[in-house]
Amino acid sequence: MPHATNAYPFEWKILEFARSLSARAAGGDGQHGFLLTPTAQGAMQTLRLDCPDGSWRPLAEALDRVETAYLLYDPFEPDEYTFLRWQRIERATMEALVGCAFEETDFHPAAWPHVKQPRDGLPTLQFPACWEVMF
């Protein structure tokens, strides 16, 4: 069974962007997955809403092989579990994409109200260009 791994506010900010984009692009409540490839300036280059063969994994692996930046949003069990992954997206690009600047406190664990349990022992981070998290 999946389990939540989120512990940092920056993860929640990106999730909120993904839900909002999903709702705008596919309609509904933001529970439609997508794979987005950004430009280096943080604009959307492509937005794919159709999940090939029921899994985003082959498409993500193909992009990994050619070292393409992407953001994957997969609410695979809506209202229960959502998977978020990005590869090769630098902080400035992500900030432009999501439309807000990250604060240094966004990289401290459990500093966000959505996180129910403090995550003692987790490090303070710099923005990771490659990351995955389960909500």
- Heavy-atom closest pair, residues Thr93 and Ala40: OG1-O, 2.8 Å
- Item | Set of residues satisfying side-chain hydrogen bond (donor to acceptor under 3.5 Å, both in side chains) with respect to Arg91, sequence neighbours excluded | Glu95, Glu104
- Message: Testing the basics here: between Ser22 and Gly30, what is the closest heavy-atom pair and its distance to 0.1 Å?
- Response: OG-C, 3.3 Å
- Set of side chain to side chain contact (heavy atoms under 4.5 Å, CB included) partners for Thr46, sequence neighbours left out: Thr37
- Message: According to salt bridge (charged side-chain N to carboxylate O under 4.0 Å, His left out), who are the partners of Asp50, at least two apart in sequence or on a separate chain?
- Response: Arg48
- Sequence neighbours left out, what passes side chain to side chain contact (heavy atoms under 4.5 Å, CB included) with Ala25? Give chain and number order. Leu47, Leu49
- Query: Is a donor on one side and an acceptor on the other found under 3.5 Å between the side chain of Thr39 and the backbone of Gln45?
  - Reply: no
- What's the spacing between Leu71 CG and Phe34 CZ if we round to 0.5 Å? 5.0 Å
- Query: At what distance, to the nearest 0.5 angstrom, does OH of Tyr73 lie from CD of Gln31?
  - Reply: 4.5 Å
- Tightest non-hydrogen contact, residues Ala23 and Gly28, listed as CB-O, 3.7 Å
- Query: What's the spacing between Met94 CE and Phe10 CZ if we round to 0.5 Å?
  - Reply: 9.0 Å
- So, for Pro38 and Ala69, which heavy atoms are closest and what is the spacing to 0.1 Å? CD-O, 3.6 Å
- Query: Yes or no on side-chain contact (heavy atoms from CB on, under 4.5 Å) for Leu97 and Met44, after CA distance, side-chain angles and deciding distance?
  - Reply: CA-CA 7 Å; Leu97 189 63; Met44 282 187 281; 4.2 Å; yes
- From Tyr8 atom OH to Ile14 atom CD1, the distance as rounded to the nearest 0.5 Å: 13.5 Å
- Task: Output the distance between atom CG (Asp64) and atom OH (Tyr70), rounded to the nearest 0.5 Å.
- Result: 3.5 Å
List the atom pairs, donor and acceptor, that lie under 3.5 Å between side-chain atoms in residues 122-135 and the rest of the protein, sequence neighbours left out.
unit_1 : atom_1 : unit_2 : atom_2 : d
Thr124 : OG1    : His108 : ND1    : 3.0
Trp131 : NE1    : Glu11  : OE2    : 2.7

- Item | Residue list, side chain to side chain contact (heavy atoms under 4.5 Å, CB included) with Ser20, at least two apart or on another chain | Arg24
- Report the distance from atom CG of Leu36 to atom CD1 of Ile89, rounding to the nearest 0.5 Å. 7.0 Å
- Query: Closest approach of Cys51 and Ser55, non-hydrogen atoms and distance?
  - Reply: SG-N, 3.3 Å
- Step-by-step side-chain contact (heavy atoms from CB on, under 4.5 Å) determination, Gln87 to Leu63: CA-CA 9 Å; Gln87 295 290 307; Leu63 292 173; over 6 Å; no
